[in-house]
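Data first, discussion second: the structure below is written as structure tokens.
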Amino acid sequence: MIRIYNTLSQKKEQFKPIEPGKVGLYVCGMTVYDYCHLGHARVLVAFDVITRYLRHSGFDVNYVRNITDIDDKILRRADENGEVYTCLTERMIAAMHEDEARLGVLSPNAEPRATAFISDMIAMIETLIAGGHAYAADNGDVYFLVSSFADYGKLSKKKLEDLLAGARVDVEQAKRSPADFALWKAAKPDEVFWPSPWGNGRPGWHIECSAMANHCLGDTFDIHGGGPDLLFPHHENEIAQSECATGHTFVNTWMHAGAIRVNKEKMSKSLGNFFTIREIMETYPAEVVRYFLVSSHYRSQVDYSEDNLIESGRSLTKLYNALRGVTPLASDAVARTAHDTLFVKRMDDDFNCAGAMATLHALAGEMNQQRRDGDEQAAAASATVLVRLGSVLGLLQQDPELFFQSDSGQGNELSAGQIETMIQSRADARKTRDFAGADQIRDELLARGVILDDSREGTSWRRG
RNA sequence: GGCGCGGUGGCAGAGUGGUCAUGCAGCGGACUGCAACUCCGUUAACGCCGGUUCGAUUCCGACCCGCGCCUCCA
């Protein structure tokens, strides 16, 4: 029985899908005008683990994650670059797919792009106007009439009067109320546009998700997720639009990931203190970045620091060390163990992957003992469970040697061949008990970032 | 100002009304030519003050501190 923290009710609830055995999941994806930063990675990885676990639990998950490929920031950036905006978005989408693949994030079932659903958005806006929930203003924009939706603020726990009292709400003359938000924006001269009943223009940000979610998952679906800063106004506005347009509850469970922080401040575009994941992956293996992200609860805020990534690297190394030289069996060859049970118990509790991770280390410790005792069969069985549980978190799926020996791609490292040659020289020196010579070679390798591990079977190496 | 979240050992990070997280680091030992890996042992924590209770880090209340949202941001 899975329990999920629902932002709407502000408590953990037993998860009950609308249709038994099936889950409709929508996550707000990227606005593609720049590379993914760590905050994007957090959301990507969090919902990847959630999807993997729901599937592991037997659910048929329909995971939809949109791409916002038209918006002010995209147009501005394309303009700065002096390129057609679609060139920019295509490039960023390709980069995003590359980053996701490296992080071990599985593709969603559907990845709708805003520009492919303009007609759905226009239809929804027409419905809203007909229902008295929206109005076309003199400037060619169409706005949502917030006062027409009694439940406005139910997600973010805001009261309309408080919002209006705040001085930070955009004061746009054409709006009837400052809290109203754009559904359709009139095109400025020389801007890309789509024709509509209200003139040439393009959709507002919030209506995209309402239209695409509705198209892909229907009027009401199970889970909607996203980053912490989307809660208000984006998700609140989605609810208003969708519920006014369909007359039905939009979403049963709302999930929000925690923020990434750097030096005690939120990592964000507006503060300019963000790290793209590709620059982080230049220094740290992608799986280490993933391990870092998975090792704290998806709802808690997490501090990015070099030290934390280094620690994650060591921790993951320990797991792979256990797996090294052991061949796991096919997953179904090993029955469910107490470790599986504990893992499931932890994950059932609002996807507590940090807690679940402890079982991976328990398993690794057990394996190391079994190998010490020479019980290779037991070790292989343990390895099977370790890899099985790892797969639910999207970890430990590569060959340990690959994890240990892949270079950073910076081009300034020793090749595997060079390393093997030096190891052979060292082995020769050790045979003649020339330990000074042997140690010199080992020190040289260490200086080049290569660590040697001796065992009865010979010497293996890893980059560290 | 409004709304919300959190304060756990040197660090990271789970969890629980009454012997246990886990990882990193440290310390002692084993293994090793020496290391590395690994194993065994070990140190150490629940912001502060009250309350409930036989017993509270865990429940309740006050307080202090930190953070997030209220504006485009995952």
Side-chain angles (χ1 to χ4, degrees), chain A residues 7 10 27-31 33-34 36-47 71-73 76 153 156-159 161-163 165-170 179 205 225-234 236 256-261 264-272 274 291-292 295-297 299-303 305 307-319 321-322 324-325 342 346 349 352-362 364-365 367-369 371-373 430 433-436 438-439 442-443 446 450-456 459-462 464:
Chain A
T7 309
Q10 298 175 286
V27 173
C28 290
M30 281 195 56
T31 299
Y33 69 102
D34 207 343
C36 298
H37 66 230
L38 237 204
H40 294 114
R42 176 107 201 255
V43 173
L44 252 20
V45 168
F47 285 97
D71 121 306
D72 292 341
K73 293 185 290 299
R76 196 189 321 132
S156 55
K157 319 300 171 203
K158 294 184 191 306
K159 293 193 186 81
E161 54 264 37
D162 294 339
L163 287 172
R168 296 165 86 187
V169 178
D170 173 34
W205 176 35
D229 37 18
L230 259 31
L231 206 158
F232 187 89
H234 187 55
E236 194 69 60
H256 292 92
I260 300 270
R261 307 200 316 155
K264 309 289 174 196
E265 267 186 330
K266 196 182 91 155
M267 175 184 292
S268 77
K269 293 276 169 115
S270 45
L271 290 169
F274 61 92
Y291 185 99
F292 167 67
S295 60
S296 62
H297 189 94
R299 277 192 288 118
S300 62
Q301 61 182 19
V302 44
D303 282 290
S305 73
D307 285 350
N308 288 346
L309 278 191
I310 290 167
E311 188 187 310
S312 292
R314 287 184 182 148
S315 209
L316 184 57
T317 294
K318 182 164 180 148
L319 257 21
N321 255 327
R324 207 171 196 186
L342 185 60
R346 298 268 162 80
D349 182 13
N352 179 4
C353 40
M357 217 168 223
T359 62
L360 302 192
H361 282 100
M367 257 185 88
N368 287 328
Q369 282 179 54
R371 297 179 71 183
R372 242 176 117 77
D373 297 343
R430 290 177 77 203
R433 302 194 65 78
D434 172 18
F435 294 122
D439 288 352
R442 188 172 62 197
D443 290 345
L446 187 61
V450 176
I451 298 164
L452 300 186
D453 299 300
D454 291 330
S455 73
R456 290 137 299 277
T459 299
S460 53
W461 60 275
R462 62 193 156 93

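Note: hydrogens, waters and symmetry copies are ignored here, and every other heavy atom, side chains too, is used. Proteins come first, then strands; the chains are lettered A, B, ... in the order of their sequence lines, and each starts at number 1.
- For the side chain to side chain contact (heavy atoms under 4.5 Å, CB included) test, residues two or more places apart in sequence or in another chain that qualify with A/S156 are A/K158, A/L231, A/F232, A/E236.
- Rounded to an integer number of Å, the gap from CG of A/D303 to P of B/rG7 is 13 Å.
- Heavy atoms of A/S300 sit under 4.0 angstrom from primed sugar atoms or phosphate atoms, though from no base atom.
- Distance from the side chain of A/D453 is smallest to B/rC37 among B/rC37, B/rC34, B/rA74.
- Going from atom CG of A/D229 over to atom C1' of B/rC69 covers 9 Å, rounded to whole Å.
- For the P atom pair drawn from B/rA14 and B/rA56, the interatomic distance equals 26 Å after rounding to whole Å.
- Atoms CD (A/E236) and P (B/rG4) sit 13 Å apart, rounded to a whole Å.
- Under the side chain to side chain contact (heavy atoms under 4.5 Å, CB included) test applied with A/I260, the options A/V43, A/L38, A/D303 reduce to a single match, A/L38.
- Take A/H234 and apply the ring-ring contact (aromatic ring centres under 6.0 Å, His included) test, not counting sequence neighbours, and it matches A/W205, A/H206.
- Distances from the side chain of A/N308 to the nucleotides B/rC69, B/rA12, B/rA21 place B/rA12 closest.
- Of the candidate nucleotides B/rU22, B/rC37, B/rG4, B/rU22 has the atom nearest to the side chain of A/H361.
- Residues that satisfy the side chain to side chain donor-acceptor pair (under 3.5 Å) test with A/T317, not counting sequence neighbours, are absent from this structure.
- Counting non-hydrogen atoms under 4.0 angstrom, A/R299 reaches nothing in the nucleic acid.
- Comparing the P positions of B/rC60 and B/rU52 gives a spacing of 16 Å, expressed to the nearest Å.
- Contacts of A/K159 classified as side chain to side chain donor-acceptor pair (under 3.5 Å), with partners at least two apart in sequence or in another chain: none.
- Residue-level contact check: A/R430 touches the bases, meaning some heavy atom is under 4.0 Å from a base atom.
- Taking 4.0 angstrom as the limit, A/K158 places none of its side-chain polar atoms (N or O) nearer than this to OP1 or OP2 of B/rG4.
- Taking only side-chain atoms of A/F435, from C-beta outward, the nucleotide of B/rG33, B/rA74, B/rG13 with the closest atom is B/rG33.
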Which atom pairs link the protein and nucleotides 15-20 of chain B when you take only N or O atoms and keep those under 3.5 Å?
residue, atom, partner, partner atom, Å
B/rG15, OP1, A/N352, ND2, 3.2

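- One C1' atom belongs to B/rA21, the other to B/rC34, and the distance between them is 35 Å to the nearest Å.
- Taking atom C1' on both nucleotides, B/rC31 is separated from B/rA35 by 12 Å, rounded to a whole Å.
- Look at the P atom in both B/rG66 and B/rA30: the space between them is 49 Å, to the nearest Å.
- Taking atom P on both B/rG4 and B/rG41, the two are 47 Å apart, rounded to the nearest angstrom.
- Not a single side chain to side chain donor-acceptor pair (under 3.5 Å) links A/S300 to another residue, sequence neighbours left out.
- At the heavy-atom level, A/A257 lies nowhere under 4.0 Å from the strands shown.
- Residue A/E311 places its side chain closer to B/rG23 than to any other of B/rC67, B/rA74, B/rG23.
- Annotation: side chain of A/F292 is in contact with side chain of A/N308 (closest heavy-atom distance under 4.5 Å).
- A straight line from CD of A/Q301 to C1' of B/rG13 spans 14 Å, rounded to a whole angstrom.
- Between B/rG13 and B/rA44, the two C1' atoms lie 16 Å apart (nearest whole Å).
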5'-to-3' dot-bracket of RNA chain B (Watson-Crick, G-U; under 3.5 angstrom; crossing pairs as [ ]; | other strand): (((((((..(((.....[...))).(((((.......)))))....(.(((..]....))).))))))))....
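- In terms of the side chain to side chain contact (heavy atoms under 4.5 Å, CB included) criterion, residue partners of A/R324 (sequence neighbours excluded) are, by chain and number, A/N321, A/P400, A/E401, A/F404, A/Q405, A/D453, A/S460, A/R462.
- Every residue two or more places apart in sequence or in another chain that forms a side chain to side chain contact (heavy atoms under 4.5 Å, CB included) with A/A438 is listed here: A/R426, A/A429, A/R430.
- Counting non-hydrogen atoms under 4.0 angstrom, A/F232 reaches the backbone sugars and phosphates but no base.
- Comparing B/rC34, B/rC69, B/rC24 by their nearest atom to the side chain of A/R314 picks out B/rC24.
- Here A/L231 lies out of heavy-atom contact (under 4.0 Å) with every strand.
- For A/L360 and B/rU22, the CG to C1' distance is 10 Å, given to the nearest whole Å.
- Out of B/rC69, B/rA36, B/rG33, the shortest distance to the side chain of A/I451 is found at B/rA36.
- Rounded to a whole Å, the CG atom of A/L309 is 19 Å from the P atom of B/rC11.
- Listed by chain and residue number, A/K185, A/R202 satisfy the side chain to side chain donor-acceptor pair (under 3.5 Å) test with A/D72 (two or more places apart in sequence, or in another chain).
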Mind listing the N/O atom pairs, protein and nucleotides 38-46 of chain B, below 3.5 Å?
residue, atom, partner, partner atom, Å
B/rU38, O3', A/N368, ND2, 3.1
B/rU38, O2, A/R372, NH1, 3.2
B/rC39, OP1, A/N368, ND2, 3.3
B/rC40, OP1, A/Q369, NE2, 3.0

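- Below the 3.5 angstrom threshold, one finds no donor paired with an acceptor across the side chain of A/H256 and the base of B/rA74.
- Across all strands shown, A/S460 has no heavy atoms under 4.0 Å from either base or sugar-phosphate atoms.
- We find that CD of A/E265 is positioned 8 Å from P of B/rG68, with the value rounded to whole Å.
- Look at the C1' atom in both B/rU42 and B/rC3: the space between them is 47 Å, to the nearest Å.
- Using a 4.0 Å cut-off, no side-chain N or O of A/T459 falls inside it from OP1 or OP2 of B/rA36.
- For A/F292 and B/rG23, the CZ to P distance is 19 Å, given to the nearest whole Å.
- A/I260 comes within 4.0 angstrom of a nucleotide base, judged by non-hydrogen atoms across all strands.
- For A/K73, taking side-chain heavy atoms from C-beta onward, the closest of the listed nucleotides B/rC72, B/rG23, B/rG4 is B/rC72.
- Scored by the side chain to side chain contact (heavy atoms under 4.5 Å, CB included) test, A/K269 finds A/Y33, A/D34, A/H37, A/H40, A/F274 as partners (sequence neighbours excluded).
- For B/rC72, its base sits under 3.5 Å from the side chain of A/S270 at one donor and acceptor pair at least.
- Side-chain N/O atoms of A/R42 and base N/O atoms of B/rA74 include no donor-acceptor pair closer than 3.5 Å.
- Within 3.5 Å, no donor on the side chain of A/D439 pairs with an acceptor on the base of B/rA35, nor the reverse.
- Backbone-only contact: A/S296 has heavy atoms under 4.0 Å from sugar-phosphate atoms and none from a base.
- Using modelled atom types and a 3.5 Å distance limit, the side chains of A/T459 and A/D454 yield a donor-acceptor pair.
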